[in-house]
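Take a look at the structure set out below.
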2 protein chains.
Amino acid sequence: MNDEQLDQIFKALADPTRRRIIDRLRKQPNQSLFQICALSVAEGEKAVSRQAITQHLDMLEKAGLVHVSWSGRTKIHALDLKPLRKAADIWLHRHLQEGKDR
Amino acid sequence: MNDEQLDQIFKALADPTRRRIIDRLRKQPNQSLFQICALSVAEGEKAVSRQAITQHLDMLEKAGLVHVSWSGRTKIHALDLKPLRKAADIWLHRHLQEGKDR
DNA sequence: ACGATATGCAATGATTCTATTGCATGTCAA
DNA sequence: TTGACATGCAATAGAATCATTGCATATCGT
């Protein structure tokens, strides 16, 4: 994993809407764009447009956290946590493991 | 820790310059602004101005990751990894611990 | 007191993010 | 085949981010 990938992952995590998308994709994997939008509204959040969701999903895909496949006219989104785990190993855990007193 | 704090922490991690500041502050704690700038230049990165560093440090401070104290005219920056650990526990580890196959 | 040092504050500009709207395209089902 | 459905594409617009420059302030050493 190079620096740019690492950066894209951390940037992808910077937005709360994207973190919630990850939350939901883990709760129920392989959702369509439509489903993700619907849940987004259903959970009482400030309704965000379909295009906004699309753009967030694009970012997640570019970061390698989401893989897309098509089934007819529906776009299926699969979560991939491996890059997230790798990024955490590379940068985050290095700081958190030692020196738990600080 | 509330949602806004969590968000500030993830946003703080989104920038590579800030992550490098954290790296260095862990390597050598309690550095002054001047020291951080100097190292920033010394490590061959594209020289960033003092004000830019200041703004990054402000963000890190607002996220609770850096605490500031004064000693005369020098501003000392202490790293605090506790909020980082908490944020990782609240959001990240929840996803990473289970389902290591995905 | 004076000059050098460490930092603050304010204004600005460029770029990137987030979200929106309107219209187009392709697929399913009756 | 036609209409409803799921999504794409493009053009914004407003806000936030990242970095810069110039000047001001306060502290230290001599």
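The chains referred to below are lettered A, B, ... by the order of the sequence lines, with proteins before strands, and numbering in each begins at 1. Excluded from the calculations below are hydrogen atoms, water molecules and symmetry mates; all remaining heavy atoms, backbone and side chain alike, are included.
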Starting at atom [atom1] of [X], determine the distance to atom [atom2] of [N], rounded to an integer number of angstrom.
{"X": "Asp15(A)", "N": "dT17(D)", "atom1": "CG", "atom2": "P", "value": "11 Å"}
{"X": "Arg19(B)", "N": "dT17(D)", "atom1": "CZ", "atom2": "P", "value": "16 Å"}
{"X": "Ile21(B)", "N": "dA19(D)", "atom1": "CD1", "atom2": "C1'", "value": "13 Å"}
{"X": "Arg18(B)", "N": "dA16(D)", "atom1": "CZ", "atom2": "P", "value": "15 Å"}
{"X": "Leu13(A)", "N": "dC17(C)", "atom1": "CG", "atom2": "C1'", "value": "16 Å"}
{"X": "Ile36(A)", "N": "dT7(D)", "atom1": "CD1", "atom2": "C1'", "value": "13 Å"}
{"X": "Leu60(A)", "N": "dC17(C)", "atom1": "CG", "atom2": "P", "value": "13 Å"}

Inset, instruction - Classify the ring geometry between His93(B) and His93(A) as parallel (under 30°), tilted (30 to 60°) or perpendicular (over 60°). - result: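 Rings of His93(B) and His93(A): tilted, as their planes differ by 30° to 60°.
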Inset, instruction - Indicate for each nucleotide in nucleotides 6-11 of chain C, in 5' to 3' sequence, whether protein heavy atoms under 4.0 Å reach the base (B), only the sugar-phosphate (S), or nothing (-). - result: SBBB--
Let me check something: any side-chain donor-acceptor pairs from residues 70-79 of chain A under 3.5 Å, sequence neighbours excluded? List them with distances.
unit_1	atom_1	unit_2	atom_2	d
Thr74(A)	OG1	Ser71(A)	O	2.8
His77(A)	ND1	Gln31(A)	O	3.1
His77(A)	ND1	Lys75(A)	O	3.4

Legend entry - Test log, rule side-chain contact (heavy atoms from CB on, under 4.5 Å), inputs Ile90(A) and Lys86(A): CA-CA 6 Å; Ile90(A) 290 180; Lys86(A) 194 147 199 171; 4.1 Å; yes
Legend entry - Electrostatic pair Lys62(B)-Asp58(B), nearest N-O below 4.0 angstrom: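 Answer for the salt bridge query: no.
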Check for a donor-acceptor pair, side chain of [X] on one end and backbone N or O of [Y] on the other, with a separation under 3.5 Å.
{"X": "Gln35(B)", "Y": "Ser32(B)", "result": "yes"}
{"X": "Gln55(B)", "Y": "Ala52(B)", "result": "no"}
{"X": "Arg18(A)", "Y": "Ala12(A)", "result": "yes"}

Inset, instruction - Kindly point out which of dC18(D), dA19(C), dC17(C) is positioned nearest to the side chain of Ser49(A)? - result: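 Closest nucleotide among those given: dA19(C).
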Inset, instruction - Using five pairs at either end of the helix from dA1(C)-dT30(D) to dA30(C)-dT1(D), determine the angle between the two local helix axes and round it to 10 degrees. - result: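 Taking five pairs per end, the axes differ by 30°.
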Inset, instruction - Verify the cluster assignment for Phe10(A) and Phe10(B): are they in a single hydrophobic cluster under the rule of side-chain heavy atoms below 4.5 Å apart? - result: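 Result: yes, single cluster for both.
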Legend entry - For Arg19(B) against Leu13(B), the heavy-atom pair lying closest together: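 Of all heavy-atom pairs spanning Arg19(B) and Leu13(B), the closest is NH1-O, 2.7 Å.
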Inset, instruction - Respond yes when some side-chain nitrogen or oxygen of His56(B) is under 4.0 Å from OP1 or OP2 of dA19(D), and no when none is. - result: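 It does, given that an N or O in the side chain of His56(B) lies less than 4.0 Å from OP1 or OP2 of dA19(D).
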